[in-house]
Amino acid sequence: MSARLMQGNEAVAEGALLAGVRFFGGYPITPSTEIAEGMAKLLPQVGGTFIQMEDEIASMGVVLGASLAGKKVLTASSGPGISLKQELIGYAAATEIPVVIVNVQRVGPSTGQPTAPSQGDVMQARWGTHGDHSIIVLSPWSVREAFDLAVRSVNYAERFRTPVILLMDEIVGHLRESVELPAESEIEIYPRRAPKKSRAEGYEPYAPDEDLVPNIANFGEGYHIHVTGLIHDETGFPSGSPKVTRESIKRMHEKISRAADEIIDVQEEFMDDAEFAVVAFGGTSRTAYEAVLSARKRGVKVGFVRLVTIFPFADKIISELAKKIRGLLVAELNYGQIVGEVERAAKGQCAVKLCAKYDMTIFEPEEIEAAIDEMISEVDGE
Amino acid sequence: MRKQLRLSGSGGQGVITAAIILAEAAVSEGKQAVQSQSYGPEARGGASKSEVIIDDEKIFHPHVKAPDFVLAMTQKAADKYYTDLNADGVLILDEDLVPTPPQFKNIIRVPITKLAVEKVGKALFANIVALGVLAKVTKLVDFETIKKSVANRVPPHTVEQNMLALQIGFDAVN
Amino acid sequence: MTERSYEKFFRQNRLPHLWCPGCGNGIVMKAIVQAVEKKLGWTQDNTIIVSGIGCSSRASGYMDFDTLHTAHGRAIPFATGIKLANPKLNVIVITGDGDCTAIGGNHFIHGCRRNVDLTVILFNNNIYGMTGGQASPMTPLGKKATTAPYGSIDRPFDACKLAEAAGATYVARSTAFHVQHLTKMIEDGLDNRGFSFIEALVQCPTAYGRRNKIGEPAKMMAWMRDNAIMKSAWDKLTDDKKTGDKFPIGLFYRAETETYDEAYHHVIELAGGAK
């Protein structure tokens, strides 16, 4: 396929469609609206369904219902809309319903700056809904990767039966650039998990498979399952037992954490001789990469670390890096969020510095390059 | 060779569409291009700006700094967006809508909107007239390629008028 | 029909239910399955029960279908997703007065507006029963609740009028006392293609009756008997007779309009996605 100009949000819609998404429920909000608009156009062309709901809570509800009825589903929002979605993101985690939620981040809190870029929803993506839940969060840095991670998000949602947050930012969401998309035949698709037992054989919808993920039947297949947001046992029915509560919460964490090495995707460049590195994600990593290139030209031994998977967090990778190098500079478009995760993972084995920006504008390479120099002189002086 | 452009005006003038078409044309010639935009929270009337970077190499940082070309379709946009122009760059202004041109070495003034109204029939086509001007001045993309990109992007029943607008813009400068 | 044939619609191993002695919810739950039993082609395999949160919404757990106990107020969006994802499924929503008209009020009116082919049955006990008796948007004026200890001053919703105004294509009301009538109202609601809404008054002796000194369950049901007036008779009453506790029951509204999934099928055809 030849190159074409495509927008990040448009690429998400195309990727989700090719990954098998056949149902989208949403509510328009800048800067994610192009995803809804794309799905409104594309889905009926393949016999799928698009519905614009009355609010973001209903948008989550409608896609969860559709997912239970057997469809692969997507919803997308930004800022205040993502806050509204949190209630049922928790429901999806608790009931193990596959769903992908795209967050094209904008400046907050509240209405904030609707059209301006930010990466201020990182910790919300991890902990936004109440309760002790697990989740997968992926963040693309290019239009092509927005496509790829849309596919990966849908596959992870199905495989782990979990909500997956595709954490975009306005930079990548609204960016148009040249992309070459893979052919449909090159895309691997994870199918909806199916029950391995019949009702007569004692099928229990929430009994975990070997990978700790349950094979929950779709509605309408004759299994007569019960799905509830109350803590439930393997039958799916509510349980007031401390043991069931503990085991259920533990399993929902471990079904993801035991596959963490596979889920965690980190891009490392110029790390062979690096004494320092810049850690970034999403649209900011484009600028960080140019800053690193420029510093390298001056002979600075700095590397580039990009978090493609934000959560589960790359604890092991960061910890290993921290052993080898002298300092990590975390560049993020917020007051300082992922830097806390990096500090936790680095365990004091190297310096961790923050390069934060939260003024509606994106980083310029010079700003990050200056922060690299500052980190080096600080570490040298220590 | 990296070239950076900034197209600016007020919301509704179509500068973002013009930028997308230009970037699309560059991509269809096998070049790398990124197009980004910023606009006010409202879809119409606010300040509007779109940036295009065209290069043979992969482009990472998407923000234009020291543009080679700036198009301004309002006085406000001209005053705000010309300041970081490359010293050898070119400032292209809508002659009537920017009555007080900024002090700059290389300025090209074209009655873009007036041409759209008088020769194509609607101010709506001003962005395509501007695109014709840009095609001639920047020489970044072949004019024929831009024609194809315009034809692909606009509604089918407006192709003829858009082609006319493009040609008028192209012919309006030497 | 064999005697107690409706029992097959219940998950016997999940009973007894958690509702208080004398609660009206069980009556409506039974009326629902008896209405389903009468529907040709509706089976336990192709009928889905969706509920929200509250006393009424616990019904889904006792009913032997694919059942979905959602979050507070959100049953209608989930049900909409199920129906649109697989229009062959029959979808019934069980909700309560707080669930449907307070936290779920927006979803309720938009469900009506879209005319999604769902049957929504609101168990109206005039109170938040599960959490011990707080006022709902359907608590009558002057009645007491833990959050209205001096009597409610919030003007209550008439959920049937709300449903009709918002675009539901079948709107009816009955009570836990009028079991045959209630079953018929639900049955006709299931027959309607489109958004059907049935309000079922139920007695809540524990959280509502006791606090408002209405008396034991039988007295609360006698109140339903004495104050409910069939729609045809109600319409003949002059306004001065429509006083006190009197209220109409029966079919209030019915219309034939394209359902949402039928309308969306046209979209698919226009987009070229029809098989």
Side-chain angles (χ1 to χ4, degrees), chain A residues 2-10 28-31 33-34 78-79 106-107 111-117 141-144 169-180 269 280 282-294 304 306 331 360-369, chain B residues 2 4-5 7 11 15-67 80-81 84 140-141 145-146 148-150 152-153:
Chain A
S2 63
R4 60 197 254 221
L5 188 79
M6 186 178 262
Q7 190 194 48
N9 283 346
E10 207 184 322
I29 184 164
T30 304
T33 300
E34 295 85 359
S78 301
R106 64 188 225 185
V107 174
T111 312
Q113 297 284 7
T115 60
W141 77 329
S142 69
V143 173
R144 168 62 200 256
D169 46 51
E170 193 275 345
I171 304 166
V172 177
H174 275 168
L175 188 74
R176 285 184 180 83
E177 66 182 335
S178 27
V179 283
E180 280 184 61
E269 306 287 346
T284 295
S285 39
R286 300 175 74 105
T287 308
Y289 187 78
E290 287 213 349
V292 169
L293 283 181
S294 174
F304 172 76
R306 181 170 72 89
M360 291 176 72
T361 64
I362 67 172
F363 280 108
E364 292 302 328
E366 298 75 22
E367 293 172 310
I368 297 178
E369 203 178 338
Chain B
R2 177 168 292 205
Q4 307 185 84
L5 296 91
L7 285 65
V15 296
I16 292 172
T17 305
I20 293 169
I21 295 172
L22 187 65
E24 260 173 357
V27 168
S28 68
E29 286 190 354
K31 297 185 171 72
Q32 294 286 323
V34 302
Q35 178 270 336
S36 61
Q37 67 204 54
S38 76
Y39 43 75
E42 310 82 12
R44 292 284 176 273
S48 178
K49 174 187 80 164
S50 182
E51 296 180 337
V52 180
I53 304 172
I54 297 173
D55 203 335
D56 299 318
E57 306 293 319
K58 198 160 166 50
I59 302 154
F60 291 95
H61 181 62
H63 199 211
V64 162
K65 214 168 190 188
K80 190 172 176 187
Y81 294 124
D84 61 347
L140 293 170
V141 187
T145 314
I146 293 185
K148 275 183 213 153
S149 293
V150 171
N152 284 338
R153 176 63 66 165

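Letters A, B, ... mirror the listed sequences (proteins, then strands); counts begin at 1. Computation of the quantities below employed the complete heavy-atom set of this structure, encompassing side-chain atoms and omitting hydrogens, waters and symmetry-equivalent molecules.
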Side-chain heavy atoms of A:Ile362 within contact of B:Pro62, under 4.5 Å
yes

Ranked by heavy-atom pairs below 4.5 Å to chain B, first place among A:Val143, A:Leu5, A:Thr284 goes to A:Leu5

Short side-chain to backbone donor-acceptor contact, A:Arg286 and B:Ile59, under 3.5 Å
yes

Which distance, rounded to the nearest 0.5 Å, do you find between the CG of A:Leu293 and the NE2 of B:His61?
13.0 Å

Taking the basic N atoms (NZ, or NE/NH1/NH2) and the acidic carboxylate oxygens, is any pair closer than 4.0 Å for A:Glu366 and B:Lys65?
yes

Would you check if there is a donor-acceptor pair between the side chains of B:Gln37 and A:His174 at a distance under 3.5 Å?
no

For A:Leu175 and B:Val34, work out which heavy atoms get closest and say how close.
CD1-CB, 4.2 Å

Write down the atom of B:Gln32, the atom of A:Ser178, and the distance for their closest heavy-atom approach.
OE1-OG, 3.4 Å

Taking the side chain as C-beta and beyond, is there a heavy-atom pair between A:Arg4 and B:Glu24 under 4.5 Å?
no

To the closest 0.5 Å, what do you measure between CD1 (B:Ile53) and CD (A:Glu177)?
10.5 Å

Residue pair B:Ile20, A:Gln7: steps toward the side chain to side chain contact (heavy atoms under 4.5 Å, CB included) verdict:
CA-CA 10 Å; B:Ile20 293 169; A:Gln7 190 194 48; over 6 Å; no

